[in-house]
There are 4 protein chains.
Amino acid sequence: MDFNEKQIQILKVAEKLFAEIGFDGTSVRHIAKEADVNVAMISYYFGSKEKLLEALLLYRVADFKMELETVMVQNLPHVEKLDALVSLMVNRIHRNRRTHKIINYEYTNTCRQIDFDAYVEQKRDSLGIIEAFVKDGQNKGVFKTDVHTKLLGATVIGTYFQVYNNKPFYKKLLELDSDEAFENYMLTSLTQHIQQTIKSLLLNEK
Amino acid sequence: MDFNEKQIQILKVAEKLFAEIGFDGTSVRHIAKEADVNVAMISYYFGSKEKLLEALLLYRVADFKMELETVMVQNLPHVEKLDALVSLMVNRIHRNRRTHKIINYEYTNTCRQIDFDAYVEQKRDSLGIIEAFVKDGQNKGVFKTDVHTKLLGATVIGTYFQVYNNKPFYKKLLELDSDEAFENYMLTSLTQHIQQTIKSLLLNEK
Amino acid sequence: MDFNEKQIQILKVAEKLFAEIGFDGTSVRHIAKEADVNVAMISYYFGSKEKLLEALLLYRVADFKMELETVMVQNLPHVEKLDALVSLMVNRIHRNRRTHKIINYEYTNTCRQIDFDAYVEQKRDSLGIIEAFVKDGQNKGVFKTDVHTKLLGATVIGTYFQVYNNKPFYKKLLELDSDEAFENYMLTSLTQHIQQTIKSLLLNEK
Amino acid sequence: MDFNEKQIQILKVAEKLFAEIGFDGTSVRHIAKEADVNVAMISYYFGSKEKLLEALLLYRVADFKMELETVMVQNLPHVEKLDALVSLMVNRIHRNRRTHKIINYEYTNTCRQIDFDAYVEQKRDSLGIIEAFVKDGQNKGVFKTDVHTKLLGATVIGTYFQVYNNKPFYKKLLELDSDEAFENYMLTSLTQHIQQTIKSLLLNEK
DNA sequence: CATGAATGAGCATTCATTCAT
DNA sequence: GATGAATGAATGCTCATTCAT
């Protein structure tokens with residue numbers, strides 16, 4: 001988790017290429033060329049292409065938990081905290097969308113010898129925090145109880161990725177002319193939609 | 001769209017392997033071996049590995065629209081029809097989950113020379129039908145109007161895939177011991193969750 | 001040597017493609033497609049790709065000798081007969097230039113299992129006839145004696161092919177705008193050049 | 001044009017095999033085996049099989065012009081210079097006969113994506129020098145004027161290759177028992193024949 | 001007699017990785 | 001510590017040919 005400048009350079013290029021053309025589709029030569037380093041560098045620094053992906057996971061996934069906790073400790077009404085939580089999740093996923101896209105595809109690939117423990121742990125912790133928060137809200141009568149609490153995260157992240165993974169389709173459907181407009185939509189309207197979705201599920205009508 | 005027995009055999013094996021170990025990760029030799037056909041067969045039948053994927057898209061994606069319409073024409077109250085619609089979508093996606101997983105990953109890969117027109121068209125049509133149904137419900141005062149109608153599909157399918165793509169994680173989280181239990185959960189509890197999610201978003205309180 | 005219509009069709013296409021893109025470079029599929037016959041047809045009719053080439057040799061090379069003899073029996077002065085002979089050789093080679101180009105390349109290929117006997121026999125006979133004619137002229141004092149008689153044929157045919165094999169180069173060098181202009185040049189100016197060359201070698205000054 | 005030892009080793013083996021069994025007929029595996037290098041080496045060093053051929057052209061064809069000029073600047077009578085010129089051409093062609101044989105076959109193959117510019121330029125320059133020399137001799141009244149000057153080179157090289165390309169035939173015809181005898185004949189009697197041919201064409205009788 | 005389907009062998013190339021320097 | 005050179009293995013694909021019909 002202590003990467004030098006060149007290693008970070010490689011990690012960033014790898015993240016981009018893995019997300020764009022897939023892990024298998026990306027050759028270490030391509031990464032090396034784009035990162036302007038020697039081909040042997042990657043094996044030398046990370047051990048192997050698979051270990052490079054593992055390093056990327058550690059690099060990107062590591063500090064997710066803490067951010068969540070900073071929201072949780074804030075003294076806010078449940079509803080507002082819920083919005084903040086969803087917003088944070090979307091923002092965080094959006095920032096690391098490339099790495100998460102790779103994970104979404106590679107995690108179930110049993111042939112691969114990649115250690116996803118860091119990812120799983122982070123996911124477990126995050127969902128745990130959310131679950132606790134929802135439970136608390138339910139206990140306080142703010143949130144409904146007849147919901148699949150464990151699936152809330154899936155709806156948040158799933159909605160995001162369904163749009164992100166079909167970017168060309170949604171750009172056309174939503175009449176977003178540029179990548180910037182799409183990006184902006186993800187962080188505003190889409191986020192609102194997800195917040196609204198989660199609130200609809202959890203909140204009792206006044 | 002007129003595939004003989006051996007072609008279908010190849011398509012099914014390809015679908016499985018593409019979904020499990022990725023398009024790039026799957027070699028035609030692997031497909032050939034698993035499908036118990038000669039390697040040259042694949043080029044002979046489909047032209048190339050990429051064309052094989054295109055054939056798979058046509059094979060799997062083709063008849064989606066009609067199913068939706070059979071639900072739409074039924075004379076049901078809006079709420080029940082909404083549930084039926086979501087159920088159909090999840091069922092359909094579940095049946096072709098492997099192909100859709102490949103699409104989710106490959107669709108944005110611009111390096112690939114694959115014709116996704118059939119997929120895009122199907123997606124557009126499906127979302128169009130749903131949108132029209134929602135509009136109708138809104139006009140009749142059954143559905144809320146302050147929703148991102150165009151994003152409803154993303155929430156349905158996205159939630160499904162977020163769970164499916166993290167199967168080992170959710171199996172553990174949801175304490176599902178076997179693949180059958182997981183499969184069953186997807187078609188019952190998860191479907192319910194998605195139905196509930198969409199209904200929460202759309203329905204005015206009674 | 002008794003080829004039916006379809007076989008001749010195949011032979012002609014094969015001759016064209018072999019000359020244009022080489023024997024190895026031409027696939028039987030390509031020939032079959034161009035000749036509008038089934039792929040299996042070629043093996044079926046000729047036995048193999050190599051046997052197809054052999055058949056082509058027989059088809060094209062077979063009747064060369066007789067034409068030479070029709071010139072030889074004419075009652076002409078030696079000089080005129082020499083011109084007629086060269087002209088006939090060039091014309092004949094030109095007509096079958098494609099097959100002869102293949103031979104020029106493949107004859108020394110020892111890996112190939114092709115029977116060039118017909119070609120060799122024809123070549124031997126032709127050169128024999130020419131040699132006899134030159135000998136006769138020498139005996140009669142019309143032709144010089146200090147010439148390498150056995151090499152005369154090589155100069156005739158070699159000059160032709162050196163131009164033919166470098167067609168794009170010579171088209172530019174000789175400012176021949178079209179294939180027709182080049183073709184015409186081969187049968188007029190180039191033929192004259194070769195006639196002049198041979199006459200210079202053989203004839204005593206008047 | 002700066003090849004290391006191993007690259008030259010590959011080039012020489014490739015030249016031999018290309019000439020013997022053709023460009024298409026020669027596999028990179030065959031070259032690699034014969035040159036005792038790894039198969040990947042060829043792509044690694046030259047990029048591709050076609051680029052290997054291009055490298056061969058550059059390697060062999062590069063310094064032709066200069067040699068011609070060294071003859072031209074010599075202070076010799078036109079007749080002797082003519083002999084020296086032909087002798088040099090034959091020698092040079094003989095030394096690079098393998099590469100030139102490949103060129104003779106591949107140059108007109110339009111399917112191939114090979115850059116023959118170096119060859120064409122060299123050929124143009126060589127013929128240019130010869131043409132200038134002949135013009136000079138014509139101006140000085142030493143050479144005849146009614147000759148196709150631009151075709152002289154074709155006769156020189158064409159005659160050589162017609163014999164070389166039919167080596168087995170001419171070995172038998174000329175009763176040359178060994179390869180050495182054939183080789184020797186090419187550089188003595190055949191060269192004389194070509195010199196005599198060109199002189200007959202150009203020189204006025206005394 | 002003719003052919004579509006099928007195949008094993010071979011193709012050029014690219015791969016991630018290693019290793020001597 | 002860093003790297004250019006090198007490699008065995010694997011890639012997708014095309015080949016000439018065979019064979020059941």
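Letters go in sequence order (proteins before strands), and every chain restarts at 1.
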B:Thr108 vs A:Tyr164, side-chain contact (heavy atoms from CB on, under 4.5 Å): CA-CA, chis, key distance, verdict: CA-CA 9 Å; B:Thr108 50; A:Tyr164 176 60; over 6 Å; no
Atom-to-atom span, CG of C:Asp24 to P of E:dG10 - whole angstrom: 15 Å
Residue closer to the 5' end of DNA chain F, A:Lys6 versus B:Lys49 (nearest nucleotide): A:Lys6
Under 4.0 angstrom between B:Tyr44 side-chain N/O and E:dA6 OP1 or OP2: no
Reported CZ-to-CG distance for the pair A:Phe161 and B:Asn165, which is rounded to 0.5 angstrom: 10.0 Å
Rounded distance (Å) that lies between atom P of F:dA2 and atom CD of A:Glu5: 13 Å
Atom pair distance, as rounded to whole Å: NZ in B:Lys33 and P in E:dG8: 14 Å
Nearest to side-chain heavy atoms of D:Arg29, which nucleotide of E:dT17, E:dT3, E:dT13: E:dT13
Secondary structure string for DNA chain E (Watson-Crick or G-U under 3.5 angstrom, | for other-strand pairs): .||||||||||||||||||||
Length of the line joining A:Gln9:CD and F:dA2:P, which is rounded to integer Å: 13 Å
Gap between atoms NE2 and P, on A:His30 and E:dT14 respectively (whole Å): 14 Å
5'-most by nearest nucleotide on DNA chain E - D:Ile42 or B:Val39: B:Val39
Side-chain donor or acceptor of B:His30 paired with backbone N/O of B:Thr26 under 3.5 Å: no
E:dA12 OP1/OP2 closer than 4.0 Å to side-chain N/O of D:Ser48: no
Nearest to side-chain heavy atoms of B:Asn38, which nucleotide of E:dG8, F:dC13, F:dA6: E:dG8
Parallel, tilted or perpendicular: ring planes of D:Tyr119 versus D:His100, cut at 30 and 60 degrees: perpendicular
Out of F:dT3, F:dA16, E:dC15, whichever nucleotide has its closest atom nearest the side chain of A:Ala40: F:dT3
Test applied, side-chain contact (heavy atoms from CB on, under 4.5 Å); reference residue, A:Val61; option that passes from A:Ile103, A:Leu56, A:Asn96: A:Ile103
Parallel, tilted or perpendicular: ring planes of D:Tyr107 versus D:Phe116, cut at 30 and 60 degrees: perpendicular
Phosphate OP1/OP2 of E:dA2 contacted by C:Tyr45 side-chain N/O (<4.0 Å): yes
Donor-acceptor pair, side chain of D:Glu15 and main chain of D:Arg98, under 3.5 angstrom: no
Backbone N/O of D:Phe23 and side chain of D:Lys49: donor-acceptor pair under 3.5 Å: yes
Nearest-nucleotide pick for D:Ser27, side chain only, options being E:dC11, F:dA2, E:dC15: E:dC11
Between C1' of E:dA16 and CG of A:Leu53, the distance in whole Å: 15 Å
Sugar-phosphate, base or nothing in reach of A:Ser43, heavy atoms under 4.0 Å: base
Nucleotide E:dT3, atom P - distance to CG of C:Asp36 in whole Å: 10 Å
5' priority, DNA chain E, between B:Met41 and D:Gly47 [closest heavy atom]: B:Met41
Distance, rounded to the nearest Å, where B:Arg112 contributes CZ and F:dG12 contributes C1': 13 Å
